There are 2 protein chains.
Amino acid sequence: MLTTQRKQHILAVLQRDGQIVAKTLSQELDLSEDTIRRDLRELAAEGLLQRVHGGALPASPAVVDFAGRSTIASDGKAAIGRVAAEMINDGQVVILDGGTTAVQLARHLRADLKATIVTHSPSVAVELAQHPSVEVILIGGRLFKHSVVAVGVAALESLGHIRADLFFMGVTGVHAEAGLSTGDHEEAYMKRALMARAAETVVLASAEKINAASAYVIASLAEISGIITEHGVADALLEPLGAAGPSITLA
Amino acid sequence: MLTTQRKQHILAVLQRDGQIVAKTLSQELDLSEDTIRRDLRELAAEGLLQRVHGGALPASPAVVDFAGRSTIASDGKAAIGRVAAEMINDGQVVILDGGTTAVQLARHLRADLKATIVTHSPSVAVELAQHPSVEVILIGGRLFKHSVVAVGVAALESLGHIRADLFFMGVTGVHAEAGLSTGDHEEAYMKRALMARAAETVVLASAEKINAASAYVIASLAEISGIITEHGVADALLEPLGAAGPSITLA
DNA sequence: CTTGACGTTGCACGAAATTGCACGATAACT
DNA sequence: AGTTATCGTGCAATTTCGTGCAACGTCAAG
């Protein structure tokens, strides 16, 4: 591969995932880490990205989120999205909730996946529009602006026609006793309705959601099949769940 | 093989693959790498491609502007959006079509506007989610990926409950005789349905749409109330419409 | 038919670019 | 503090580049 093109690829990956891990990329492109590091250094010199220990982050200060990371995080939401995306098989009907993690999932679907994705999140729908083969069903309704998802009777009514294999749900709190919760009453109701339409529900929860609880309870942990979250945070905290609870997958 | 022909072949391969590898091409054409390099140098001198170590890349570095094209809207579309946004009054129910111009419209709504916006475009919905006061109704359905709008029976059914004052419609062709047209059959059907639910329809048409016609006709010019387009282009061309046709507003 | 100008091609050789590895330094993790 | 992973630099091997030059074919003038 031509080096110029490789650099473009690096920038594209950076744009897509929000970060670059030197080691991962070297394996992906079948090049030594030295070469990747050289590229990253040069791109950093051009101001096209920001070099950090372990890889690189976007240069644009707009993305420099809280506290300005100085290390590559454990991939965070992108990693959760990647792992979740791999759980979907050809031919399945999958419901996708709203939220940034769900957008990451949509972004990391296999390019040749032939499945039907149902979502009430316009953001997810926009992302999925770029996928070459999945069928996308958009659930309409009144837009709940805070979370940018459709809710209300119209949305619930549309769901009546849906029967899904899997529902990837976003929540704002996962707690051993309080269960799954979110910050809005109507949103909680909508999520319960979505759960009811799917054979299994898997929760996507980035680190900060673990062992937190919000005002409105969606369901208990016993009612879901699995939780996908990040390394390091949840290990001990969710352990007490034992065999009765959902399976926990670490990204 | 003639050298001129070979150069055309090189450009064709470049067009197809997005890159040229000197070594590969030399084997493919059974010529020395020197010759290929010479050709590449000459083509680069003519500005037809970009020379890089190992081969060549397209001259216009595949303007795959990250973030996806929508970021850069032409001034024209933004102006059209601004003008259209001013036509909406408090208390009205307005249907917004898909397309970049509609997104611009959504972006330029008065911050204190109290209206209900109905849309079948997830992109528009995402944009409107940032508006503090408008009520947003998202029309769901099967996602037509090319235009990123919901279509199909579910979408049509949802429309049954809607009664709007105004419909801002995007089209791909506005032609004095052919009328309003678009490139997809199902999309044309959806637009007709949306027209039927609104008291008045106003077409948003950036410069390149004027006096163009696409495969599927939506309606005649007599059926709409107005067209909003840019200065300079449409002035003379649409003049023959006279008093019978829609009013034309220039942005 | 011969000859020489011209363009094209392949080869040779030194220059430049790219890559992977080694090694000491640095930073993160425990 | 000690351990591990990552970084940066120097260096050598390989690939690619550019230029000069000779070989070959074409074509038109002699």
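In what follows, chains carry the letters A, B, and so on, assigned in the order in which the sequence lines appear, proteins first and then strands, with residues in each chain numbered from 1. All values below were derived from every heavy atom in this structure, side-chain atoms included, with hydrogens, water molecules and symmetry-related copies excluded. Just so it is clear, the model here is predicted, and its values are computed rather than measured.
- By the 6.0 Å contact criterion, CG on Asp30(A) is open, its count of non-hydrogen atoms from other residues, nucleotides or ligands being 12 or less.
- Among the candidates Asp39(B), Ile20(B), Leu11(B), the single residue satisfying the side chain to side chain contact (heavy atoms under 4.5 Å, CB included) test with Leu49(B) is Leu11(B).
- Per the geometry, CG belonging to Leu40(B) stands 13 Å off P belonging to dT9(C), to the nearest Å.
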### Query
How far apart are the C-alpha atoms of Glu208(B) and Ser206(B), what are their side-chain angles, what is the distance that settles it, and do they pass the side chain to side chain donor-acceptor pair (under 3.5 Å) test?
CA-CA 6 Å; Glu208(B) 75 273 16; Ser206(B) 49; 3.2 Å; yes

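- Between Thr35(B) and dG10(C) there is a side-chain N or O to OP1 or OP2 distance below 4.0 Å.
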Anything under 3.5 Å between a protein N or O and an N or O of nucleotides 7-14 of chain D, put it in a table, one pair a line.
residue : atom : partner  : partner atom : Å
dC7(D)  : OP1  : Arg51(A) : NH2          : 2.7
dC7(D)  : OP1  : Gly54(A) : N            : 2.7
dC7(D)  : OP2  : Arg37(A) : NH1          : 3.2
dG8(D)  : OP2  : Arg41(A) : NE           : 3.4
dG8(D)  : OP2  : Arg51(A) : NH1          : 3.1

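- The nearest whole Å value for the distance from the CD1 atom in Ile36(B) to the P atom in dC11(C) is 14 Å.
- The nearest whole Å value for the distance from the CG atom in Leu57(B) to the C1' atom in dT16(D) is 15 Å.
- Remark: C1' of dG7(C) and CD of Glu42(B) are 11 Å apart, rounded to the nearest angstrom.
- Side-chain polar atoms of Thr182(A) and Ser214(A) form no donor-acceptor pair below 3.5 angstrom.
- Applying the side-chain hydrogen bond (donor to acceptor under 3.5 Å, both in side chains) test to Thr35(B) and every residue at least two apart in sequence or in another chain returns Ser32(B).
- In this structure, Arg6(B) atom CZ and dG7(C) atom C1' are separated by 12 Å, rounded to whole Å.
- Lys23(A) has no side-chain polar atom (N or O) that falls below the 4.0 Å cut-off from OP1 or OP2 of dA5(D).
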Please output the side-chain donor-acceptor pairs of residues 188-203 of chain A that fall under 3.5 Å, not counting sequence neighbours, one pair per line with the distance.
residue   : atom : partner   : partner atom : Å
Lys191(A) : NZ   : Asp97(A)  : OD1          : 3.4
Lys191(A) : NZ   : Asp97(A)  : OD2          : 2.5
Lys191(A) : NZ   : Gly170(A) : O            : 2.8
Arg192(A) : NH1  : Val217(A) : O            : 2.9
Arg197(A) : NE   : Leu159(A) : O            : 3.4
Arg197(A) : NE   : Ile162(A) : O            : 3.1
Arg197(A) : NH2  : Gly160(A) : O            : 3.3
Arg197(A) : NH2  : Ile162(A) : O            : 3.0
Glu200(A) : OE1  : Ser225(A) : OG           : 3.3

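- Residue Asp39(B) contributes atom CG, which lies 16 Å from atom P of dG7(C) at whole-angstrom precision.
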